[in-house]
Structure formats: C-alpha cells, structure tokens
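Since the structure comes first, as structure tokens, the remarks are kept for the end.
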Amino acid sequence: MKIRQNKDKYNIGSNIRKFRMENHMTQEQTVAKMQVLGIEISRSSFAQLECGLYNIKVQELLALSEIFNVPIANFFDGMSLHQ
C-alpha cells in the first residue's frame with residue numbers, strides 16, 4: 001500500500017523546501033549535492049517532492065539530512081495522523 005503525501009497532513013515536502021531555503025540553495029544546487037552523494041534524482045522529481053507529489057525514498061531523506069545538516073526527525077515537524 002502506498003501512502004501519498006497529503007499537503008495538509010503530511011507536509012514533508014514543505015519542510016524540505018523550508019530547509020533548502022534556509023540554506024540559501026536552489027533546487028538545482030540541492031539536486032547536484034544529492035547526486036554527488038550517489039542519489040539519482042532529477043530537478044523535476046525534486047520539485048515534485050517539495051510539492052508533495054513524489055514519495056521520498058529513505059536514501060533521499062538521509063542525503064537531505066546530511067546536506068542541510070538537520071536531524072531526520074525535523075523533516076516530520078508539523079505532521080500528524082490526527083489533524
């Protein structure tokens with residue numbers, strides 16, 4: 001069973017965008033750093049991830065945690081099953 005991100009409940013994409021912007025990075029720069037870490041993702045897929053249209057993979061989440069220097073748990077801020 002696949003769980004699609006719901007922008008209202010599961011806002012991991014908006015949290016990723018927030019951390020990217022706090023680090024003054026473009027989507028292209030973020031994708032380039034992910035690719036250096038061995039994560040094959042396109043800028044288009046990354047944009048879909050930020051919009052909540054793409055399910056993030058564990059290895060992508062680990063790479064973003066390293067790139068943005070934030071704990072993985074921070075990507076889940078504001079998420080709840082009971083909203």
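All values below come from the heavy atoms of this structure, side chains included, with hydrogens, waters and symmetry mates left out.
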So, the side chain of Q29 versus the backbone of T26: is there a donor-acceptor pair under 3.5 Å, distance only? yes

V36-M25 co-clustered via ILVMFWY side chain contacts under 4.5 Å: no

Drop me the distance from I16's CD1 to F46's CZ, to the nearest 0.5 angstrom. 6.0 Å

The reported gap from CD1 in I39 to CD in Q59 (rounded to nearest 0.5 angstrom) is 5.0 Å

If you measure from OG1 on T30 to CZ on R17, what distance do you get to the nearest 0.5 Å? 11.5 Å

Nearest 0.5 angstrom please: S45 OG to I56 CD1, how far? 11.5 Å

Pair E40, Q35: side-chain N/O donor-acceptor within cut-off below 3.5 Å: no

Ignoring hydrogens and angles, tell me if any N or O in the side chain of N15 forms a donor-acceptor pair with the backbone of D77 under 3.5 Å. yes

S65 and P71: which non-hydrogen atoms are nearest, and at how many Å? OG-C, 4.1 Å

Interatomic distance, M34 atom CE to Q27 atom CD [nearest 0.5 angstrom]: 11.5 Å

Go through the steps to decide whether L61 and I12 satisfy the test side-chain contact (heavy atoms from CB on, under 4.5 Å), and finish with yes or no. CA-CA 10 Å; L61 190 59; I12 195 167; 4.1 Å; yes

Taking everything shown except K33 itself, do over 12 heavy atoms lie less than 6.0 Å from its NZ? no

Results of side chain to side chain donor-acceptor pair (under 3.5 Å) for S44 - residues two or more places apart only: none

Run N55 and L49 through side-chain contact (heavy atoms from CB on, under 4.5 Å) and show every step you take. CA-CA 7 Å; N55 289 320; L49 191 155; over 6 Å; no

Do V58 and V70 share a hydrophobic cluster, counting only Ile, Leu, Val, Met, Phe, Trp and Tyr and linking them when any side-chain heavy atoms are less than 4.5 Å apart? yes

Any side-chain heavy atom of R20 within less than 4.5 Å of one from E50? yes

Within the side chain of N23, is there an N or O that forms a donor-acceptor pair under 3.5 Å with the backbone of F19? yes

Worked check of side-chain contact (heavy atoms from CB on, under 4.5 Å) between K18 and F75: CA-CA 10 Å; K18 177 184 80 166; F75 290 106; over 6 Å; no

My understanding is that only residues two or more places apart in sequence, or in another chain, count here; which of them pass side chain to side chain donor-acceptor pair (under 3.5 Å) with Q48? none

